[in-house]
Enquirer: 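Have a look at this one.
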Amino acid sequence: MNISDSERIASLLEKNNYKPASEITEANLVIFNTCGIRQAAENRAYSLIHTLRKARPEIKIILTGCLANRKDVQKRLEKKVDFFCEIKDFQEKFKNFVIKNYLKTKNLKLKIPAQQKDTHCSNYLSINPKYNNSHSALVPIMTGCNNFCSYCVVPYARGREVSRPDAEIIAEIKNLIKDGCKEITLLGQNVNSYHYSSVKPELNSRYRELSSGFTEE
Ligand code: SF4
């Protein structure tokens, strides 16, 4: 899922006139799309961010992915990361906040906007990705999970289940087939829970309530 999310981030950056750097140490802006499923993955991110910040104090660092919304991570990295942004808010916050208010305005004091509630459709999934492979593609159909298994961080890191509109998924797949893609993997944290109704959208949230059996607030 993070690979697929990174393909969407890459496409968003290119649309905003950024070009990929040949080496991480050559970049002006580095986005860490983090994984928090195991401590080793977290530690690798801490180590890389620390090394990069030491070598290039002027570099801009954005942290997204599973660690972005964790308060302990934000505190630990507050002097090393310029901006924390949940992946589901990435499109809106990158455009409206980072580009307009920060990257073009030096020395502006950063304030992290309040976290948005889950929306009916997670709009970052509607970004056209820059696929890493022309023959085999990852297509997310939903994100998040309502199950709260005791050992798993996903419902806290990615939030509740949000299914992507079927028309959007089918359009992405048709484009891939047209471009010669031979293998398509449908992605989600809990793909068996996929449910989307454009006719009765109220049923989508009802379904989510029923399937979660859990109330957070
Ligand atoms: S069902 Fe959801 S909470 Fe359980 S392991 Fe899978 S992603 Fe984690």
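Indexing begins at 1, ligand by ligand and atom by atom, following the structure's order. FYI, side chains are in, hydrogens and waters are out, and symmetry mates aren't considered; it's all heavy atoms of this structure.
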Enquirer: For E23, does the CD atom have more than 12 heavy-atom neighbours from other residues, nucleotides or ligands under 6.0 Å away?
Expert: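 Atom CD in E23 is not crowded, with 12 or fewer foreign heavy atoms closer than 6.0 Å.
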Enquirer: Please identify which atoms of ligand 1 are closer than 4.0 Å to at least one heavy atom of P155.
Expert: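 Taking each heavy atom of P155 in turn, ligand 1 has 3 (S) under 4.0 Å.
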Enquirer: Heavy-atom contacts with F148 under 4.0 Å: which atoms of ligand 1 show up? List them by number with element.
Expert: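 So the atoms of ligand 1 that pass are 3 (S).
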Enquirer: Looking at I184, I want to see if its CD1 is surrounded by more than 12 non-hydrogen atoms of other residues, nucleotides or ligands under 6.0 Å.
Expert: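 Yes, the 6.0 Å shell around CD1 holds more than 12 heavy atoms from other groups.
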Enquirer: Under 4.0 Å, heavy atoms only, figure out whether ligand 1 is touched by the backbone of C145, its side chain, both or neither.
Expert: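 The part of C145 near ligand 1 is the side chain, not the backbone.
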Enquirer: When you measure from the side chain of R164 to the backbone N and O of L125, does any donor-acceptor pair fall under 3.5 Å?
Expert: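 Answer holds: yes.
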Enquirer: Kindly indicate, with the supporting measurements, whether the criterion ring-ring contact (aromatic ring centres under 6.0 Å, His included) is fulfilled by F148 and Y156.
Expert: CA-CA 8 Å; F148 289 87; Y156 305 98; 5.2 Å; yes
Enquirer: Where the side chain of R160 meets the backbone of N146, is there a donor-acceptor pair that is under 3.5 Å apart?
Expert: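 Not at all, since once roles are kept as given, no pair shorter than 3.5 Å links the two residues.
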Enquirer: What residue and heavy atom of the protein are closest to atom 3 (S) of ligand 1, and at what distance?
Expert: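 Protein heavy atom at minimum distance: C149 N, 3.4 Å.
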Enquirer: Output, in order, the C-alpha distance, side-chain angles, deciding distance and verdict of salt bridge (Lys or Arg N to Asp or Glu O under 4.0 Å) for R56 and E58.
Expert: CA-CA 5 Å; R56 298 272 315 278; E58 77 290 0; 2.6 Å; yes
Enquirer: Who's the nearest protein heavy-atom neighbour of atom 6 (Fe) of ligand 1, and how far?
Expert: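 Here the closest protein heavy atom is Q189 O, 4.3 Å.
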Enquirer: Restricting to N/O/S atoms, is C152 within less than 2.8 Å of atom 8 (Fe) of ligand 1 or not?
Expert: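 It does; at least one qualifying atom falls short of 2.8 Å.
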Enquirer: Nearest to atom 1 (S) of ligand 1, what protein heavy atom do you find, and at what distance?
Expert: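 Ranking protein heavy atoms by distance from atom 1 (S) of ligand 1, first comes N147 ND2, 3.4 Å.
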